[in-house]
Amino acid sequence: MPHLVTILGILLPESTLQTEWFAVAATFVAINTVVYTALAIAKMSPKIYLNDWRRRRYERAATRSIHPDGPR
């Protein structure tokens, strides 16, 4: 059974795991995983609009309502 597992590619010998091309492929897979995880988290998070953080020109500095503690 161990020989069959090696032939099918499920288990690689140690000499293959220590080659340069395998390290490059593993690095590519790791970076790709991090990028797609970040994209998935960014897609799930709510949208942030920069205009909501700065004051608008048409917004009054003080309320002109008869209720001074009310919303502007």
Side-chain angles (χ1 to χ4, degrees):
M1 183 69 179
H3 184 64
L4 180 63
V5 171
T6 305
I7 292 173
L8 293 176
I10 299 171
L11 182 63
L12 296 173
E14 186 178 350
S15 61
T16 305
L17 298 177
Q18 293 181 354
T19 59
E20 187 175 343
W21 69 267
F22 192 83
V24 170
T27 304
F28 174 76
V29 169
I31 292 172
N32 198 17
T33 302
V34 170
V35 168
Y36 276 101
T37 302
L39 288 173
I41 291 171
K43 187 100 172 152
M44 289 187 305
S45 64
K47 289 186 178 180
I48 299 173
Y49 297 102
L50 295 177
N51 290 336
D52 292 344
W53 291 89
R54 59 186 177 113
R55 192 161 189 81
R56 296 177 184 99
R57 286 186 295 167
Y58 57 85
E59 191 174 316
R60 296 184 186 271
T63 180
R64 293 181 51 129
S65 173
I66 59 172
H67 304 289
D69 294 335
R72 293 183 184 176

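FYI, the numbering just counts along the sequence from 1.
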Over 12 non-hydrogen atoms of neighbours within 6.0 angstrom of CG in Leu17: yes

Results of side-chain hydrogen bond (donor to acceptor under 3.5 Å, both in side chains) for Glu20 - residues two or more places apart only: none

Name each donor-acceptor pair under 3.5 Å that joins a side chain in residues 30-46 to protein atoms two or more places apart or in another chain, with its distance.
| residue | atom | partner | partner atom | Å |
| --- | --- | --- | --- | --- |
| Thr33 | OG1 | Val29 | O | 2.7 |
| Thr37 | OG1 | Thr33 | O | 2.7 |
| Ser45 | OG | Ala42 | O | 3.0 |

Smallest separation among heavy atoms of Trp21 and Thr16, with atom names: CZ2-CG2, 3.9 Å

